[in-house]
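As the structure is a prediction and not an experimental result, all values here were calculated from the model.
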Amino acid sequence: MWKLDRDTLSFFAQKYVWWKSVEEAIEQPGRVIAQVMNIGDFDDIQAVEMLAGTQWLTNILNEAEIGQFSPRSWSYWHYRLGLADVDKVPTIPGVGILDPCLSIGRLD
């Protein structure tokens, strides 16, 4: 499945999941990898793709939670993994959910 050892996963957890302890973060390896996919630098993205493999990264996208990816990262990974044609990227999770705060002060 994936070839990320505990040390590598811990490195990414410390760097990209700063709001949790490393031990707590690595209990959810998919969440750690999603963070690298979303905000990782080029070298870390290259490493994650090589070590995790495209199938696991595809699974992470397919199971993405609301707010886990920026629109830019969402599109990038769909194109990079060959999951979408140009202008055919699936809607990012959470788009279209009504936020009552967004309608305050609007007349339409």
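Note that CG of N38 is 11.5 Å distant from CD1 of I60, once rounded to the nearest 0.5 Å. Between atom OG1 of residue T58 and atom CG of residue L81 there is a gap of 4.5 Å, rounded to the nearest 0.5 Å.
Minimum interatomic distance between M37 and W77 (heavy atoms only, all atoms of both residues): O-NE1, 2.8 Å. Pairing each heavy atom of A84 with each of Y79, the nearest pair is O-CD2, 3.6 Å.
Side chains of F11 and L9 form no contact here, defined as non-hydrogen atoms less than 4.5 Å apart. Under the 4.5 Å side-chain criterion, counting only non-hydrogen atoms from C-beta, W74 is in contact with L61. Side-chain contact check for L4 versus V32: every heavy-atom pair is 4.5 Å or farther apart.
Every side chain to side chain donor-acceptor pair (under 3.5 Å) that Q55 has, sequence neighbours left out, goes to N59. Applying the side chain to side chain contact (heavy atoms under 4.5 Å, CB included) criterion to I39, with sequence neighbours excluded, gives Y16, W18, Q35. Checked against side chain to side chain donor-acceptor pair (under 3.5 Å), Y76 has the following partners two or more places apart in sequence or in another chain: R80. Judged as a salt bridge (charged side-chain N to carboxylate O under 4.0 Å, His left out), and not counting sequence neighbours, the contacts of K15 are D41, D44.
Put simply, M50 and F42 are part of two different groups of oily side chains (I, L, V, M, F, W, Y) that touch within less than 4.5 Å, one to the next.
No donor-acceptor contact under 3.5 angstrom links the side chains of D7 and S10, judged on distance only.
Contacts classified as salt bridge (Lys or Arg N to Asp or Glu O under 4.0 Å) and involving residues 21-31 (residues at least two apart or in different chains) are given here: R6-E23. Legend: salt bridge (Lys or Arg N to Asp or Glu O under 4.0 Å) pairs involving residues 56-74, not counting sequence neighbours: none detected.
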Can you give each donor-acceptor pair under 3.5 Å made by side-chain atoms of residues 86-95, sequence neighbours left out, with the distance rounded to 0.1 Å?
none

Tell me, with the steps shown, if W56 and T54 meet side chain to side chain contact (heavy atoms under 4.5 Å, CB included). CA-CA 6 Å; W56 196 32; T54 57; over 6 Å; no
